[in-house]
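Along the sequence shown, residues carry numbers from 1.
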Amino acid sequence: MSTAFCFVFFSFTLLFSLFSLLVFVLRSKLWCNCETCQAYVTSSWTKDFDNLCDWFTHLLKKSPTGTIHIDVLGNIITANPGNVEHMLKTRFENYPKGKPFSALLGDLLGSGIFNVDGDSWKFQRKMASLELGGVSVRAHAFDIVKSEIQSRLLPLLSSVSGKEQALDLQDVFRRFSFDNICKFSFGLDPGCLELSLPVSEFAEAFDLASKFSAQRGLASSSLIWKVKRLLNLGTEKQLKEAIKILDGFAQEMIDQRRQEGFSERNDLLSRFMGTINDDKYLRDIVKCFLLAGRDTVASGLTSFFWLLSQHPGVESAIRDELERVMGSSEEQFASFNQMREMHYLHAALYESMRLFPPVQFDSKFAQEDDILPDGTLVRKGTRVTYHPYAMGRMERVWGSDCLEFKPERWLKNGRYIPQDLYKFPVFQAGKRVCLGKEIAVMEMKCVALAIIKRFKIQVPGLDQAPRFAPGLTATLSGGLPVLVQEREA
């Protein structure tokens, strides 16, 4: 017993010492003395910037090509639309997610659609497109969203109207979108947005898993998180525990569907269960679609209402358009066709996502040597990242008023005019363009109209710029505390 204990203790001490030595070496200047790499390794960039994405934006603005190379990360980052089109369309096959990316998110997303390439990706995308592409499916999603708004969102906002106690609107939107994606994709209602705002162990675990998985990608070397995972230390231990909770939740969904039967059902989970018998594979698929349906919509809505609180003129214009399109109708909700006529609302949402995209960056790994359109040399195995957050702040892409929240830039003679997808890759583009784009935008429009029509949302402390928490999607650190006031009828 004593010998075994000594062996374990000695092994742990040796591994921890090696880990500490590794961290020391990584923080030294042995491999790169450039100012950018040293600023990243020492975190000295935090003296001037609140968010890493803002520092990257600063560097990309200074670059003549809109492309930079962070040697310490082995990462080329670009805000050049020509490069984005090259990666997502022209040389799509040369820029898959790649094994290094799959390793980062492998414990969380496994073999789910957002973490795979090749035949597995094609299969899942084809199955998902069958579920998301039809008019009847969009109508079904519309009914689910309206029901959640009417039965839960509006009563919750009414319950806090006029009170001095702030409500975290980001948390509300995450609960709302989680209920919707579970109803729509899995036929289950978790009831996260009930009036009592119940604590969700799953939601908390999902937040932690997203945060710690994202932090892996920020490490100076993958060896750091891999050693921590091997030793089951720190954030890697917490990540493992969080994923265990997520897998348990996903398995409950699968087991419940088997008991109820799935052959006659048309939701996303039932479609996959009809062709897949591997429960781990099914759990990975469930987690991917929960990530897509919960966090991205909630992030987009949170940023939208933060911007509206600063631009009351935009909110007034949306209200005017709502009244003009719906006229004297006593209907509580605009119809699907009526929303399609609201060009200013559509422009305002897209303008919000231009400045605050739910997914701030996306990375691929080059399979072979390549040269980007701006002349940047890409070696095989290099991580190449396009950065929608930075792109929205580039004068060379959006003009001298790029930092302004200006829905009019999307309008011509009062009608919405689409922009080039490769200068606005918020929903990706090319073969990986988001399948749920139309449903997500519809959901955001429904929520925006329902709230703007009936409530006035005030955000205290508007002088503070947004600070983002680490995560796979843009999440405001500390949430979005708001005061709610019901409008007079």
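- Note that the CG atom of L377 and the CD1 atom of I371 stand 6.0 Å from one another [nearest 0.5 Å].
- Here T65 pairs with S63 under the side chain to side chain donor-acceptor pair (under 3.5 Å) rule; sequence neighbours left out.
- Residues satisfying the ring-ring contact (aromatic ring centres under 6.0 Å, His included) criterion with F356, sequence neighbours excluded, are W306.
- Every residue was checked against the ring-ring contact (aromatic ring centres under 6.0 Å, His included) condition with Y40, not counting sequence neighbours, and none meets it.
- Evaluation of the ring-ring contact (aromatic ring centres under 6.0 Å, His included) test over residues 193-218, restricted to residues two or more places apart or in two chains, returns F178-F202, F202-F206, F202-F249.
- Applying the side chain to side chain contact (heavy atoms under 4.5 Å, CB included) test to V426 and every residue at least two apart in sequence or in another chain returns M353, P357, P358, F424.
- Using modelled atom types and a 3.5 Å distance limit, the side chains of R257 and S270 yield a donor-acceptor pair.
- Counted within 6.0 Å of CZ on R467, heavy atoms from surrounding residues, nucleotides or ligands total 12 or fewer; the atom is thus considered open.
- For the residue pair N51 and Y389, no side-chain donor N or O sits within less than 3.5 Å of a side-chain acceptor on the partner.
- The environment of N277 atom CG is sparse: at most 12 non-hydrogen atoms of other residues, nucleotides or ligands sit within 6.0 angstrom.
- For R379, the CZ atom sits in a loose shell: 12 or fewer heavy atoms of surrounding residues, nucleotides or ligands are nearer than 6.0 Å.
- Checking side-chain atoms of D284 against main-chain N and O of S111 turns up a donor-acceptor pair under 3.5 Å.
- Contact check for F184 versus V137: side-chain heavy atoms found under the 4.5 Å cut-off.
- Distance CZ/R283 to CD1/I243: 11.5 Å, rounded to 0.5 Å.
- Judged purely by atom type and a 3.5 angstrom limit, S185 has no side-chain atom pairing as donor or acceptor with the backbone of C182.
- Rounding to the nearest 0.5 Å places CD1 of I77 at 4.5 Å from CD1 of I68.
- Counting only heavy atoms from C-beta outward, the side chains of P425 and M391 approach each other to under 4.5 Å.
- A 6.0 Å sphere centred on CZ of F305 holds more than 12 heavy atoms belonging to other residues, nucleotides or ligands.
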Inset, instruction - Report the C-alpha separation of T382 and I76 in whole Å, then their side-chain angles, then the decisive distance to 0.1 Å, and conclude whether the side-chain contact (heavy atoms from CB on, under 4.5 Å) test is met. - result: CA-CA 7 Å; T382 300; I76 293 173; 4.0 Å; yes

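- Between F427 and Y350, the two ring planes are tilted [angle within 30° to 60°].
- Checked against side chain to side chain contact (heavy atoms under 4.5 Å, CB included), N232 has the following partners two or more places apart in sequence or in another chain: K237, K240.
- When only modelled atom types and interatomic distance are considered, S102 and K97 share no side-chain donor-acceptor pair under 3.5 Å.
- Partner T235 forms a side-chain hydrogen bond (donor to acceptor under 3.5 Å, both in side chains) with one of Q215, K228, R216 and no other, that one being K228.
- With rounding to the nearest 0.5 angstrom, the CD atom of Q170 is 9.0 Å from the OG atom of S477.
- What you find for D107 and R229 is that their closest heavy atoms are OD2-NH1, 3.0 Å.
- Side-chain contact between F468 and C53: present, with at least one pair of heavy atoms (C-beta onward) separated by less than 4.5 Å.
- Looking at Y422 and N83, their side chains never bring a donor and an acceptor atom within 3.5 Å of each other.
- No hydrogens or angles considered: nothing links the side chains of E252 and Q256 as a donor-acceptor pair under 3.5 Å.
- Applying the side-chain hydrogen bond (donor to acceptor under 3.5 Å, both in side chains) rule to pairs touching residues 433-444 yields N180-E443, sequence neighbours excluded.
- Defined by atom type and a distance below 3.5 Å, a donor-acceptor pair is missing between the side-chain atoms of H387 and D362.
- Residues C34 and V72 form no side-chain contact, since every pair of their non-hydrogen atoms from C-beta on lies 4.5 Å or further apart.
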Inset, instruction - Take Q251 and D247 through the test side chain to side chain donor-acceptor pair (under 3.5 Å) and record every step on the way to the result. - result: CA-CA 6 Å; Q251 190 63 51; D247 283 338; over 6 Å; no

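- R393 and T57 are not linked by any side-chain donor-acceptor pair at a separation below 3.5 angstrom, with hydrogens and angles left out of the test.
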Identify all side-chain donor-acceptor contacts of residues 469-476 below 3.5 Å with residues at least two apart in sequence or on another chain.
residue, atom, partner, partner atom, Å
T475, OG1, T473, O, 3.3

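- For residues 293-303, the pairs satisfying side-chain hydrogen bond (donor to acceptor under 3.5 Å, both in side chains) are D207-R294, with sequence neighbours left out.
- The side chain to side chain donor-acceptor pair (under 3.5 Å) search around Q458 returns none, not counting sequence neighbours.
- The closest donor-acceptor contact from the side chain of R354 to the backbone of F405 lies at 3.5 Å or more, if one exists at all.
- In this structure, CD1 on I149 lies 8.0 Å from CD1 on I451, to the nearest 0.5 angstrom.
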Inset, instruction - Just do the salt bridge (charged side-chain N to carboxylate O under 4.0 Å, His left out) check on D117 and R432 with the steps written out, would you? - result: CA-CA 10 Å; D117 296 301; R432 278 192 181 263; 2.8 Å; yes

Inset, instruction - Verify salt bridge (charged side-chain N to carboxylate O under 4.0 Å, His left out) between E241 and K244, making sure each step is shown before the conclusion. - result: CA-CA 5 Å; E241 293 169 349; K244 184 178 180 181; over 6 Å; no

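- Put simply, the side chain of V378 does not reach to within 4.5 Å of the side chain of D369, judged on heavy atoms.
- Side-chain atoms of N80 and T78 include no donor-acceptor pair closer than 3.5 Å.
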Inset, instruction - Show your working on side chain to side chain donor-acceptor pair (under 3.5 Å) between N33 and Q38 and close with a plain yes or no. - result: CA-CA 7 Å; N33 288 316; Q38 291 306 312; 4.8 Å; no

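- Counting only heavy atoms from C-beta outward, the side chains of K364 and L88 approach each other to under 4.5 Å.
- A salt bridge does not link E148 to R175: none of the charged side-chain nitrogens sits closer than 4.0 Å to a carboxylate oxygen.
- The list of side-chain hydrogen bond (donor to acceptor under 3.5 Å, both in side chains) pairs with a residue in residues 188-205, not counting sequence neighbours, reads R152-D189.
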Legend entry - Evaluation steps, salt bridge (charged side-chain N to carboxylate O under 4.0 Å, His left out), between D179 and K183: CA-CA 6 Å; D179 281 356; K183 290 178 185 177; 5.7 Å; no

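- Sorted by first and then second residue, the ring-ring contact (aromatic ring centres under 6.0 Å, His included) pairs with a member in residues 276-304 form an empty list; sequence neighbours excluded.
- A distance-only check finds a donor-acceptor pair linking the side chain of Q124 to the backbone of I113 [under 3.5 Å].
- With rounding to the nearest 0.5 angstrom, the CD1 atom of I285 is 8.5 Å from the CG atom of L269.
- Using modelled atom types, one side-chain atom of S213 and one backbone atom of A209 make a donor-acceptor pair closer than 3.5 Å.
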